[in-house]
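Step one of this worksheet: look at the structure below.
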Protein chains: 2
Amino acid sequence: MHSHNVHEEVTDKYSLRGRVFHKIREDILSGVYKQNEELKEKTIGEELGVSRTPVREALRQLELEGLVNIIPNKGAYVIGITKKDVKDIYMIRTLLEGLCARWACEFITEEQINELEENIYLSDFYAKKHKFAQVVELDNRFHEILYETSNSKVLRHILSDYHHYLQRVRKVSLASEKRAIQSNEEHRAIIQALINKDVQIAETLASEHIMNTIRNLEELPIGNIYEEMKVEDKNAKN
Amino acid sequence: MHSHNVHEEVTDKYSLRGRVFHKIREDILSGVYKQNEELKEKTIGEELGVSRTPVREALRQLELEGLVNIIPNKGAYVIGITKKDVKDIYMIRTLLEGLCARWACEFITEEQINELEENIYLSDFYAKKHKFAQVVELDNRFHEILYETSNSKVLRHILSDYHHYLQRVRKVSLASEKRAIQSNEEHRAIIQALINKDVQIAETLASEHIMNTIRNLEELPIGNIYEEMKVEDKNAKN
DNA sequence: CATAATGTTATTGTATACAATAATACAGGA
DNA sequence: TCCTGTATTATTGTATACAATAACATTATG
C-alpha cells in the first residue's frame with residue numbers, strides 16, 4: 001500500500017520499469033495473482049516481453065509497497081490484503097480525511113472548487129445511468145483533488161496511497177445507485193463546508209463520509225467484498 | 001517517506017541491495033547528501049564496491065520511500081525533508097498515535113507491559129546521566145512496542161515509517177534532561193492508562209504526548225533542528 | 001524400505017555489455 | 001557577439017552472461 005511516503009509519485013508510467021510496476025500492481029490488486037502466489041522474474045518478463053531487469057526493479061518496489069514479500073535467494077510472493085487491513089485503513093482514513101478537510105479550508109482555491117463541483121455533477125449523471133465504472137473513476141478524482149487542497153505533500157501522499165489500495169473494495173461499494181448518489185450528496189456537503197471555510201463542519205463531514213463508507217460495506221454481503229481476499233497463511237504476522 | 005505501506009519491512013539488511021539501500025537512506029536522512037544532489041549509479045557503486053545493478057534497485061526503492069526523485073533518462077536527486085513535512089507528520093502522528101493507544105487497550109499483553117515499564121526505567125537512568133543517544137534509542141523502542149500493541153499491521157507500519165523518518169529531529173528534541181524526563185513521565189502515564197484499559201484517557205495522553213513534542217521543538221532555536229534541511233528549489237510541488 | 005548423500009535443475013543475485021537518451025562543448029554563420 | 005546545429009561525452013535503460021543459492025530428483029547405503 002503503500003509507500004506511506006512523503007514522496008512524489010514519480011514512478012514513470014511510460015518507462016518500461018514503470019509499466020511493469022503498474023501492471024503487476026494492478027494484477028495483484030485486481031486478483032489476477034492470488035495470495036502467496038510466487039512471482040517469477042523470468043515468467044513475468046516473458047509475458048510482458050521484457051528482460052528480467054525491469055521486472056526485478058518492479059518487484060523490489062512492490063515489496064516496499066507492501067504487496068509482495070521477497071525472500072532472498074528464493075522468490076517474490078504476493079501478500080495481498082486482508083479484511084482487517086481494509087477495516088484498519090478505513091479507520092485511519094476517517095481521521096486523516098478529517099484532517100485533510102480541516103487544512104483544505106485554508107488552502108482551497110476557486111479553481112479547485114469548480115473542479116470538485118463539476119466532478120459531482122458528472123458523477124450524479126453516471127450514477128443515474130448505472131455507469132458505475134465512471135462513478136468510481138470520478139470518486140478517485142474527487143478525493144485526489146481534495147488531497148491536493150490540503151496543501152500537504154505528506155498528507156496527500158498517504159491518503160492517495162490508501163485510496164488507491166482500496167480501489168477494489170470501492171468498486172463494490174459504489175456499485176449501487178443508492179450509495180453512489182448518497183456519496184455524491186456527502187461530497188457536496190463537504191465542498192459547501194470548504195467554501196464556507198467552516199473548519200469544524202468540514203472535518204466532521206469528511207470523517208463521517210468515510211465512516212458511512214465503512215457502514216455501507218458492512219451492510220453488503222461479505223462474499224462480494226472480500227471474495228478474492230484469501231486467508232493469510234500461518235506465517236502472516238497480523 | 002516512505003512507503004506508507006501495509007507491508008512488512010522485508011528489505012534484507014544483509015543482501016547487497018539491502019545494504020546499499022540502507023546506506024543511501026541513512027546518508028540522506030543524516031545529511032551526507034544534500035537537497036537536490038544528484039545520485040549517480042556509477043559513483044555510488046564505486047564508493048560501495050558494487051556494480052550499478054544493486055544501486056539502481058536501491059534508488060528505485062528510495063524513490064518510493066519519497067527520499068529520491070528519479071527523472072527518467074536523467075538521474076536520481078535527493079528530495080530530503082522540509083520543515084513543513086516535519087510539522088505535517090507530527091500532526092498526523094498526533095491523530096494516529098491516539099488511535100494506536102485506543103486499539104492497544106484491547107490487545108496489549110502482560111509481556112508488552114513489562115517491556116514498556118522496563119524501557120521507561122532504563123530511559124530515566126540514561127536521561128539523568130545525559131546519555132541522550134541511549135534515550136533516543138529507548139524512545140524508538142518504546143514507540144515500536146506501542147505500535148505492535150495496536151494489533152494492526154497497517155497502523156504499525158505507517159507509524160513506524162514516520163517515526164523513523166523523524167529520527168534526526170528527535171535526536172534534537174530529546175537532547176535535554178528536562179524534556180527527556182518529561183517524555184518518560186508521559187510514557188508512564190500512557191502505560192498506566194493502557195493497564196487500566198481506559199480507552200479515552202489512553203488516546204488523549206498518547207495524542208498529547210506528540211503535541212508536547214511539537215511544542216518542545218518549537219521552543220528550541222530553529223537552527224538546531226532544521227539546519228540541514230535546505231530550502232526546496234522552485235520545482236518542488238509543496 | 002527408509003534415509004542420507006549427491007548431482008541436477010531452476011531461480012535469484014550480481015556484474016557487465018550494449019542501446020538510448022540527455023547534457024555539453026564546439027564550430028560556423030548571421 | 002550571439003545563436004544554432006552538430007559532434008562528443010556522460011549517464012541512464014535494458015538485456016544478457018555468469019555466479020550463488022535453493023529445490024528437487026536420483027542413487028547409494030543402512
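Residue numbers start from 1 in every chain, and the chains themselves are labelled A, B, ... in the order their sequence lines are given, proteins ahead of strands.
Taking the six-membered ring where tryptophan is involved, the planes of His209(B) and His187(B) are perpendicular, since the angle between them exceeds 60° and thus also 30°.
Residue order along DNA chain D, read from the 5' end via each residue's closest nucleotide, puts Glu38(B) first among Glu38(B) and Asn73(A).
When DNA chain D is scanned in the 5' to 3' direction for atoms under 4.0 Å from non-hydrogen atoms of chain A, the outermost contacting nucleotides are dT14(D) to dA23(D).
Between Tyr165(A) and Val154(B), every side-chain heavy-atom pair lies at or beyond the 4.5 Å cut-off.
Listed in residue order, the members of residues 52-60 of chain A having a heavy atom less than 4.0 Å from DNA chain D are Arg52(A), Thr53(A), Pro54(A).
Remark: side-chain polar atoms of Asp27(B) are not paired, donor with acceptor, to backbone N or O of Tyr33(B) under 3.5 angstrom. A donor-acceptor contact shorter than 3.5 Å is absent between the side chain of Gln112(A) and the backbone of Ile145(A).
The minimum heavy-atom distance between Ala76(B) and Ile70(B), with the atom names listed, is CB-CG1, 4.0 Å.
Around the CZ atom of Phe107(A), the shell of radius 6.0 Å holds more than 12 heavy atoms that belong to other residues, nucleotides or ligands. Annotation: Tyr77(B), atom OH; neighbour count of heavy atoms from other residues, nucleotides and ligands within 6.0 Å is above 12.
Checking Glu115(A), Glu118(A), Glu148(A) one by one against Arg141(A), the salt bridge (charged side-chain N to carboxylate O under 4.0 Å, His left out) holds for a single residue, Glu115(A).
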